[in-house]
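First comes the structure, then the notes that go with it.
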Protein chains: 4
Amino acid sequence: MNTDIFRGFASDNNAGIHPLLVEAIQEANKGHVIAYGDDPYTGNAVRTIKSYFGRESEVFFVLTGTGANVLSLSSLIDSFHGVICAETAHINVDECGAPEKFCNCKLLSVPSSDGKLTPALIERHLHGFGFEHHVQPKVISISQPTEMGTVYTSEEIRSLSVLAKQYNMFLHMDGARLANAAVSLDLDFKSFTADAGVDVLSFGGTKNGMLFGESVIFFRPELAENFKYMRKQSMQLASKMRYIGAQFHVYLHTNLWRTNAAHANEMAGLLFRKTSILPGVRITQKVEANAVFAIIPREIIKPLQDKYFFYIWDEARSEVRWMTSFDTTTGDIESFAACLQSLLAAV
Amino acid sequence: MNTDIFRGFASDNNAGIHPLLVEAIQEANKGHVIAYGDDPYTGNAVRTIKSYFGRESEVFFVLTGTGANVLSLSSLIDSFHGVICAETAHINVDECGAPEKFCNCKLLSVPSSDGKLTPALIERHLHGFGFEHHVQPKVISISQPTEMGTVYTSEEIRSLSVLAKQYNMFLHMDGARLANAAVSLDLDFKSFTADAGVDVLSFGGTKNGMLFGESVIFFRPELAENFKYMRKQSMQLASKMRYIGAQFHVYLHTNLWRTNAAHANEMAGLLFRKTSILPGVRITQKVEANAVFAIIPREIIKPLQDKYFFYIWDEARSEVRWMTSFDTTTGDIESFAACLQSLLAAV
Amino acid sequence: MNTDIFRGFASDNNAGIHPLLVEAIQEANKGHVIAYGDDPYTGNAVRTIKSYFGRESEVFFVLTGTGANVLSLSSLIDSFHGVICAETAHINVDECGAPEKFCNCKLLSVPSSDGKLTPALIERHLHGFGFEHHVQPKVISISQPTEMGTVYTSEEIRSLSVLAKQYNMFLHMDGARLANAAVSLDLDFKSFTADAGVDVLSFGGTKNGMLFGESVIFFRPELAENFKYMRKQSMQLASKMRYIGAQFHVYLHTNLWRTNAAHANEMAGLLFRKTSILPGVRITQKVEANAVFAIIPREIIKPLQDKYFFYIWDEARSEVRWMTSFDTTTGDIESFAACLQSLLAAV
Amino acid sequence: MNTDIFRGFASDNNAGIHPLLVEAIQEANKGHVIAYGDDPYTGNAVRTIKSYFGRESEVFFVLTGTGANVLSLSSLIDSFHGVICAETAHINVDECGAPEKFCNCKLLSVPSSDGKLTPALIERHLHGFGFEHHVQPKVISISQPTEMGTVYTSEEIRSLSVLAKQYNMFLHMDGARLANAAVSLDLDFKSFTADAGVDVLSFGGTKNGMLFGESVIFFRPELAENFKYMRKQSMQLASKMRYIGAQFHVYLHTNLWRTNAAHANEMAGLLFRKTSILPGVRITQKVEANAVFAIIPREIIKPLQDKYFFYIWDEARSEVRWMTSFDTTTGDIESFAACLQSLLAAV
């Protein structure tokens, strides 16, 4: 099948599986193991993850990024609680209302130009505590990196966790692309998650080379007490869980997470350098992970998409999003930049 | 890793992936394709499934068997509706209340000794239509094969679909092991699903050799209108869907579904023949698919489980369940029967 | 308007408001008070209720009996929990699935000939604890009196509360007609609720002469922590709550609860005596509160209903239910019995 | 009980019941009628409401304003739909997340300085139709009058209904204070609801002199098909419904709705005139119904509240809300204005 036509910058989950992870699946494909996670591959992966995030953490595998986010929130809140998030947060705009459906709660969104929350931005929602007519704010949820490709520093995260504790709230992090943030910050995972005061983390692998497999990591074990029931009831319990475990173990153990994320980030940097110099292109966000946001002339969007698939971010502003992935090549970038340049020239 | 200790008869999803399906995954692992199902592998698989179940059917891939069942029901009902099912139905006892959680509806269960529903058994729930204090019966949900390893004939299914239509209800079939039923009946899929009046089918592959991948098939396309939103909102939308599609295509196109199911059923038959003759063993259900239910002396359960893992079905009756799978060997059966025989001898 | 045609034995909420309670509403109809319960009438009523049920109880007013039940359960469970109840329980058959809708949980029903649960009947549901595929049993819910007009003794209730504690479950009582049970047992409310180990009580007044007004009483205050948010979110928070409070205060303070319930029970006793002696009538339940269940010839049901409205309980058995209320008169009973007798004579 | 201390401008539901409506309740308090709405008083009230809103409308009584709103929305949407509303909408900020809890949907809120929506303000949410990752906009919900005391003209409503139809959406109106809007516009109810393209209306009476009683009115009968089941399942079905019906009939039949609302609006006008002239008071919204919003010096809020209870609207801006009601007197206003003036003088 000719899939070349799909090559582009639409999303990091348009890429396939990294060969090492296909191998991991094959390695685990021997004989019988108990289904639903009580198997040695899953056990192994849990231990590996704990070695990164801390002994005391509790680790669970789920099937999708939406599942990881919704189940994280579900462990922290009741239906009468509110979840504070950026207006651009994945949970707010890209999950078709899954948090409202499963948690029956309200998202309290905050406009944010770079996708980040700050204590000052959050303040408008910090009222009505104890007043039964209002949803009770209970979680601050941030994405790291953000959906705008920006990355929180450890200090920024800590300032939010301090605020959360002060109001008896929790801090959740959507880490669907956590590896890209770690590489960007040049920090180990623990330092800007558990150590920065995050309570629950969605830690994803699919966007960085896995076939499938996301995880939820609790840094306060008591919050995980009922997770297994929620996971099953939410249809997020994989029967052949060994194949998630096998991938996660190799992903972390071999530093594949870093190799892949470093490459994707680097490619985004290259893409930034090649395109930002072109007249008619305005880069709208800092390029800190594997996304580049740009305003380009409206009339070249369609012809450019015809050759390299990507998404329009903001129709009104003529803003587009280009994502790189673990398998983006220098060649991809160069051809793309050349194509863009020639289209710009013709405007 | 030594996984031999897990070899046994606990469940068909304790088995791994069939090699042909690993190959299918590798074949699909090339370049970029659009995520979330708009890719050629998924398109291909949909066409293949339609060639089995009818051109007019609508096909969607999901991630788990629970997901397939809950989303099927969700397409058919509102929260004030009732779903009639056998007391032993997977949706009633093995999904941790997922239907109630996601559909917010009531299951109206019916005791059934062999796991099958009949019009006569259902009758007790067919009242209160139009009465606002009662949930309104709207779906009859059956499992094919049943959780007791028995298989509905086409006529039995048709009698239920006739009843359903008469009361303006729908007929849903949980076909997590549909291939085993088709082999058992020696019928093509369509004849005892679409042609027998089933409205929506959960069609599973994971229990018959797939890595993961379940599907929901609508035989009345208008019922599928909003399925894509429900699937996303329910966290059942796979980003790298191509790998489900790739498996399903090969699974059906190569007749692997039949080969695997025929083998599993045959092994169950052998297991039945080897164990039913042993004094102290009482087989409690007809062996029509890949499950054997038996009452055995209470004191040998634990020692037998230590060597071959399986589940107790009914503690009170000392009844156990043995499942065979696509990779069960004649040797597995023979050693198991021998072990059972020697334990029985020592009683 | 001529409403005589509706006089009958259909339900105790077909009766109107007791004059003393209309007066109570008028008395409270002066000036402004803070809405939503922060008013002196509500405060007063809460104190009065506590004087009956114990200082340490927590009291909340709601709008309907279904609301009281659903919010009671909601305070005790998560969605992955199960609620054990009789098959005939109001929460199971008369609330159109409201518990499933609001609590997203599963009801685990038990057939019971007299509407009562016993430890032996419950046992079948006491398994699967800790097993993520099963809903986790968490509440035993009983109705006092039952929907079959029978009344639990304090000992029977205590045996269920002991069982509940043993399994780390809660005991909920649906006391929509609690006054009728208290009169029947000749006990004060506390002795067979709080003192018998009930954790949460739905305590109703509407079926015994109030205009509207139900309450939820917690005997373990810590369970009430989030009740106010759940009540608001469930649409059960009355804005002009003072009129519920005013009624409840008078209802309890003047012993109206006892007068009304004693009368209704007495009338049921008279109805039993007058009808049970008639050939062709078979009383099917003990008459311990204000309900009489009888099997009568099928052909007289319709003509009898034409003169005195009541409901068929079990079509198949030709069983009917007759409820008495605070305003049933001796004359009502005598005319009814005479009518029944003449219809029977004509069979 | 001395309730004078509560007299003030906090909310129109701090007032009591209009004497004519107490009388209506007493009139209906005769004999037995069928519970749950199948009674002559309810039937009568439905006919009266239809005479105002159109023969073809469908009318249902519920228990609370939140109930009316949530059930209106529930009739129009599935969980994957979005409801567009003003950021200040009652459904968005004053119902503790009841829409999210019961409808499992997402509210798409829009900042609006005067509480009104316009097609231009809504436009930002009109995208993503057909895209499964986004909730699907399905309802525009407006409050008439708005929570800011402003009133939509018929033309403004029509422009929204035209937009709704264009996008295959519905228009819902929260008319908890509809009478105040009708008086303000000097229009009959029908002209700015059904005739202006509203699909479903929450029509309330509690804030204008009723004890309790709200209604949902469908102008497209087919939308009401399943309402009765939703109402029961949502715990909003009153057993003694005759007392809601009796009130609504008198409320409309005697023009009490108009008398009460006209008085409340007039009192708000007087309050505006008396306070807006005071130095240090800035009125922030047009006074078109029975609410006055004002910015006053922060230091006088508490002493003023001590004498006349009212709520702070926006802490940060030192903005307060004063509501008048059917029983506000000229004396109330004059004393309040005098008190305010003397406090201002002391600043």
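Chain naming here is simple, since letters A, B, ... match the order of the sequence lines and numbering starts at 1 in each.
Chain D forms more heavy-atom pairs under 4.5 Å with one residue of C:Ala10, C:Ala28, C:Gly65, C:Ser239 than with any other, namely C:Ser239. Contacts with chain D were tallied for C:Asp39, C:Ile17, C:Thr64; C:Ile17 has the most, counting heavy-atom pairs under 4.5 Å. Here D:Leu211 is the residue among D:Leu71, D:Leu211, D:Val70 with the most heavy-atom pairs under 4.5 Å with chain C. Among D:Asn29, D:Leu63, D:Asn69, the residue making the largest number of heavy-atom pairs under 4.5 Å with chain C is D:Asn29. The candidate with the highest count of non-hydrogen atom pairs below 4.5 Å against chain C, out of D:Val62, D:Leu237, D:Asp327, is D:Asp327.
Neither the backbone nor the side chain of C:Phe9 comes within contact range of chain D; no heavy atom of the residue lies under 4.5 Å from a heavy atom of that chain. In this structure, the portions of D:Thr206 lying under 4.5 Å from any heavy atom of chain C include both its backbone and its side chain. Heavy atoms of C:Ala15 lying under 4.5 Å from chain D belong to its backbone as well as its side chain. The contact between C:Ser325 and chain D is made entirely by side chain atoms (from C-beta outward), counting heavy-atom distances below 4.5 Å. In this structure, the portion of C:Phe212 lying under 4.5 Å from any heavy atom of chain D is its side chain and not its backbone. Heavy atoms closer than 4.5 Å to chain D are found nowhere in C:Met230, neither backbone nor side chain.
The two atoms that bring C:Met235 and D:Gly67 nearest to each other are SD-CA, 3.6 Å, heavy atoms only. When all heavy atoms of D:Asn14 and C:Ala35 are compared, the pair lying nearest together is OD1-N, 3.0 Å. Scanning both residues, D:Ile34 and C:Phe309, for their nearest heavy atoms gives CD1-CE2, 3.9 Å.
Within residues 92-104 of chain C, the residues approaching chain D closer than 4.5 Å by heavy atoms are, in numerical order, C:Asp94, C:Glu95, C:Cys96, C:Gly97, C:Ala98, C:Lys101, C:Phe102.
Side chain of C:Lys240 to main chain of D:Asn13: no donor-acceptor pair is present (N/O by atom type, distance under 3.5 Å, no hydrogens or angles).
Remark: D:Trp257 pairs with D:Tyr52, D:Asn255 by the side chain to side chain donor-acceptor pair (under 3.5 Å) rule, at least two apart or across chains. Residues that satisfy the salt bridge (Lys or Arg N to Asp or Glu O under 4.0 Å) test with D:Asp174, not counting sequence neighbours, are absent from this structure. Annotation: ring-ring contact (aromatic ring centres under 6.0 Å, His included) contacts of D:Tyr36 (sequence neighbours excluded): B:His133.
Proximity of C:Ile25 to D:Ile25: side-chain heavy atoms (C-beta onward) are nowhere separated by under 4.5 Å.
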